[in-house]
Amino acid sequence: MASCRSCRLALFSCFLICVTLWSHLSSSSAVFAKSYRRPNIVLILTDDLDIAIGGLDPLKKTKKLIADAGISFTNAFVASPLCCPSRASILTGKYPHNHHVINNTLEGNCSSKEWQKSEEAHTFPALLKSTAGYQTFFAGKYLNQYGHSDAGGVEHVPPGWNYWVALEKNSKYYNYTLSVNGKAQKHGADYSKDYLTDVLANMSLDFLQYKSSFQPFFMMVSTPAPHSPWTAAPQYQDQYNTTKAPRDPNFNIHGKDKHWLIRQAKTPMTNSSVQFLDEAFRKRWQTLLSVDDLVEKIVKRLEVRGELDNTYVFFTSDNGYHTGQFSLPLDKRQLYEFDIRVPLMVRGPNIKPNQTSQMLVANIDLGPTILDIAGYSVNRTQMDGMSFLPIMEGKMNSSSWRTDMLVEYEGEGSNMSDPACPLLGPGVSECFPDCVCEDSYNNTYACVRTVAPSVNLQYCEFDDNEVFVEVYNVTADPYQLTNIAKTIDQEILEKMNHRLMMLQSCSGQSCRTPGVYDQRYRFDPRQMFTSHSWRLGRLRQKAK
């Protein structure tokens, strides 16, 4: 479909001015020549795309063009299963306890003035632009509260971007406002010029066409799909009409040994809830067909321009999703595999095709990896993550890679009772009409997710009055049906508790220390923090 040509011409002009100004900052052709040899980098970030319940199935062209041409990570996780904290982790390379974005609200530090002051200048795109000589392009959803009037409005352009096209606030497909280099651009409901996924694709192609040829580039494209409101392009609205959400073993069953928020879900779900989640599942897949087109357009344009062989292309998501697991209709804020595990595939120079890696990687590793590609060491930053470039190039084995990572989430709840669930009282949120709530203020947890040759384990603690613990052997129990917290060996329980506290207090290099199932790990109870000692005592009592 054709896009609004006059709007695009105006955008080209703005961009050319930006590129020209940037070019004048470099005084030496030698700098250009050195930079030009560095690889280009493209990061395509989807919104709420799961991998555990079939999210990649509609993305056939994406799998062929990226996964089959490169490497797929089967154990890729997010540091927090919610949009804004996860996106902040991607940009900063930090766990939420270090970047302090705790939810999707301005009060939760999502795109707040404080975030802008403390973190934005230190994101990996800012470093790519200021120290590695990259020209940078952003298009799509940034952070959920971006453009809020109390956070500078759409006039605010974060440092690090030569060319900036950002969606005001949360995911939409029509009737939205973009910040184009700090200028508001309003869009309506005409598919040919307003459907956001296609607009992002067209603007990405424009960037590739009009960017400077004298510096490497970094391009980040952040699609709204498959986030609600799940508005598919017209040509795809009849696809998957008979598709239903997968009926896996954890679908529509009671989570009897789980945290109270999971236990309150009604099993079996009402017919209306099942119909609703099946329809949402279909619509999510329909929106992904336009993402598949976007990926194809970008990869093909790189190929036509002769730049594909020198370009890394990353494809991932900010979090997973669930549709009916443990009788929870729709959301992504839980600790289970369907919410924290995401797709991650990469193609690029020195990456052999058709590879699959089981090594544990996290979204906090994207920044360090991209900086490593650009020749900038993560040790020069305050980032918590690690570069997985050596894994992609076949230069790293499992014995020298991490065995665990941290997942943390701070629940949200209203001070007033939800009209849909008055009996649950205040403190809950994201409630459905049949009184099933997806979040609460004490749905606050931290987990150690362990992947090692000898074990595939998840250990989680809730920050509530009972210090509720959930532990899963994911190898034996991939659908996390049985919480083994009360039967697991006491020594393992204590070690995992100790490791969790270490990770919750880590920063930078200390986040990369050996995990419990790493042969270099040393358990010293004297290192237990006195402020947390009550937790271990409560855990011992619960295990008896």
Side-chain angles (χ1 to χ4, degrees), residues 46-58 81-83 104 144 170-175 197 223-234 236-255 258 261-291 317-339 411-414 417-424 428-440 443 479-480:
T46 52
D47 198 345
D48 288 0
L49 176 60
D50 66 275
I51 191 170
I53 58 172
L56 286 181
D57 287 7
L82 187 64
C83 299
N104 288 343
N144 295 57
N170 205 0
S171 289
K172 291 183 178 180
Y173 298 81
Y174 293 111
N175 299 308
T197 307
T223 73
H227 195 287
S228 61
W230 316 306
T231 308
Y236 295 134
Q237 289 177 359
D238 293 328
Q239 299 291 313
Y240 307 118
N241 278 342
T242 61
T243 300
K244 294 183 178 181
R247 268 50 172 176
D248 290 331
N250 55 9
F251 179 83
N252 202 10
I253 67 165
H254 188 250
K258 294 170 172 48
L261 185 65
I262 309 301
R263 297 198 304 268
Q264 58 88 32
K266 294 175 174 59
T267 305
M269 291 182 286
T270 62
N271 289 337
S272 60
S273 288
V274 174
Q275 291 171 3
F276 176 68
L277 69 87
D278 277 339
E279 183 179 8
F281 189 88
R282 287 191 289 272
K283 288 181 176 179
R284 282 165 51 80
W285 274 23
Q286 290 168 357
T287 67
L288 286 170
L289 294 174
S290 293
V291 176
S317 176
D318 57 3
N319 46 255
Y321 207 71
H322 60 258
T323 52
Q325 284 65 40
F326 302 125
S327 297
L328 299 172
L330 298 171
D331 203 49
K332 64 285 185 90
R333 302 159 206 259
Q334 306 305 328
L335 56 86
Y336 307 105
E337 295 287 282
F338 41 75
D339 286 354
E412 294 181 74
S414 171
S417 296
D418 191 295
C421 298
L423 295 179
L424 289 179
V428 295
S429 62
E430 307 298 322
C431 297
F432 285 81
D434 51 354
C435 195
V436 176
C437 298
E438 295 275 5
D439 205 5
S440 69
N443 182 40
Y479 296 100
Q480 297 171 290

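No hydrogens, no waters, no symmetry mates; every other heavy atom, side chains included, goes into these values. The shown structure was predicted, so the numbers you read here are calculated from the model rather than taken from an experiment.
Put simply, the side chain of D50 does not reach to within 4.5 Å of the side chain of K332, judged on heavy atoms.
Between the side chain of E438 and the main chain of R333, no donor-acceptor pair closer than 3.5 Å is present. Using modelled atom types, one side-chain atom of S429 and one backbone atom of E412 make a donor-acceptor pair closer than 3.5 Å. Using modelled atom types, one side-chain atom of K266 and one backbone atom of C435 make a donor-acceptor pair closer than 3.5 Å. In this structure a side-chain-to-backbone donor-acceptor pair under 3.5 Å is present from S317 to N319. Side chain of N250 to main chain of Q325: no donor-acceptor pair is present (N/O by atom type, distance under 3.5 Å, no hydrogens or angles). Formation of a donor-acceptor pair under 3.5 Å by the Q334 side chain with backbone atoms of D339 is not found in this model.
Counting all heavy atoms, side chain and backbone alike, F251 lies closest to L277 at CE1-CD1, 3.9 Å. Heavy atoms only, all atoms of each residue included: Q286 and A232 are closest at CB-CB, 3.5 Å. Contact record, Y174 with P234: OH-CD, 4.2 Å, taken as the closest heavy-atom pair. Looking at every heavy atom in both residues, Q480 comes nearest to F326 through O-CZ, 3.3 Å. Closest of all the heavy-atom pairs between D47 and T223 is CB-O, 3.5 Å.
Relative orientation of the H322 and F338 rings is perpendicular, given thresholds of 30° and 60° on the angle between their planes.
Within 6.0 Å of CG on N271 lie no more than 12 heavy atoms contributed by other residues, nucleotides or ligands.
Judged purely by distance below 3.5 Å, without hydrogens or angles, the side chains of D434 and S273 pair a donor atom with an acceptor atom.
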C431 and C421: disulfide (SG to SG under 2.5 Å), yes or no, with the steps?
CA-CA 7 Å; C431 297; C421 298; 4.0 Å; no

